[in-house]
Amino acid sequence: MTLRSDLASRLNDALPQTQCTRCGFPDCLAYAHAMAAGEADCNQCPPGGAEGVARLSALTGRPALALNPANGAEGPRGMAVIDEDWCIGCTLCIAVCPTDAIMGSNKRMHTVIEAYCTGCELCLPVCPVDCIQMENASGERTGWAAWSAEAASIARNRYQFRSYKQRRDAGEAAKSLEKKAEMKLADLPA
């Protein structure tokens with residue numbers, strides 16, 4: 001393992017694993033790699049808050065800056081709640097949830113599994129009927145005080161498994177399409 005990848009791993013461990021993309025990167029690991037490469041500052045993670053900035057700064061040896069307001073503000077940990085009376089079962093929220101915290105099926109009501117919701121808010125903009133609201137899940141606590149290492153670990157494991165499933169499904173779909181194309185090409189003279 002190189003020094004940069006070791007640093008990226010330690011930085012990733014210091015992130016809350018909400019996978020919210022507010023840092024400007026597609027996930028916490030990508031942000032950690034960018035910090036390790038010197039391509040991103042340590043103050044771009046609103047869910048980590050000021051304590052998170054201090055943790056990341058200590059690992060990189062860079063000064064602890066104030067949280068960048070362009071990435072959002074530190075606040076209490078949120079949790080998505082679906083108004084089940086308004087949910088139309090479009091599955092758009094399921095498709096964007098990084099930890100598979102939303103259950104439901106096409107044209108059926110959806111619900112959030114509270115223990116797995118990271119409060120990333122990625123489900124809010126995709127809902128066509130605005131039936132998803134964020135509720136305060138941590139009271140007055142913000143940043144790392146609103147989160148725990150155990151919750152971060154669970155979120156990371158769920159995100160990694162979801163990412164694996166997506167890659168596997170995409171590979172299987174590509175193989176299926178390739179097989180269909182080969183069958184059509186073989187039957188082209190007919």
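Numbering of residues begins at 1 and proceeds along the displayed sequence.
When hydrophobic clusters are built by joining Ile, Leu, Val, Met, Phe, Trp and Tyr residues whose side-chain heavy atoms come closer than 4.5 Å, directly or via intermediates, L92 is grouped together with V96. Grouping the Ile, Leu, Val, Met, Phe, Trp and Tyr side chains by contacts below 4.5 angstrom, directly or via other members, places I113 with I154. When hydrophobic clusters are built by joining Ile, Leu, Val, Met, Phe, Trp and Tyr residues whose side-chain heavy atoms come closer than 4.5 Å, directly or via intermediates, V126 is grouped together with L122.
Interatomic distance, S57 OG to N43 CG, rounded to the nearest 0.5 Å: 7.5 Å. Atom-to-atom distance recorded for L7:CG and L11:CG is 4.0 Å, nearest 0.5 angstrom. Interatomic distance, OG1 of T91 versus NE2 of H110, reported as 5.5 Å (0.5 Å rounding). Interatomic distance, SG of C117 versus CZ of R77, reported as 7.5 Å (0.5 Å rounding). Note that SG of C87 and CZ of R108 are 11.5 Å apart. Values are rounded to the nearest 0.5 Å. Expressed to the nearest 0.5 Å, how far OG1 of T60 lies from CZ of R10 amounts to 10.0 Å.
Residues M35 and C42 have side chains in contact (heavy-atom distance under 4.5 Å, counting atoms from C-beta outward). A 4.5 Å side-chain heavy-atom check between I82 and I102 finds at least one atom pair inside the cut-off.
Other residues, nucleotides and ligands place no more than 12 heavy atoms under 6.0 Å from the CD atom of E114. The environment of E150 atom CD is sparse: at most 12 non-hydrogen atoms of other residues, nucleotides or ligands sit within 6.0 angstrom. Remark: M103 CE is loosely packed, at most 12 non-hydrogen atoms of other residues, nucleotides or ligands lying under 6.0 Å away.
Here the closest non-hydrogen pair linking P16 and A152 is O-CB, 3.4 Å.
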| Q17 vs N12, side-chain hydrogen bond (donor to acceptor under 3.5 Å, both in side chains): CA-CA, chis, key distance, verdict | CA-CA 8 Å; Q17 302 300 315; N12 191 38; 2.9 Å; yes

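A side chain to side chain donor-acceptor pair (under 3.5 Å) with Y159 is found for one member of D27, D100, T99 and no other, namely D27.
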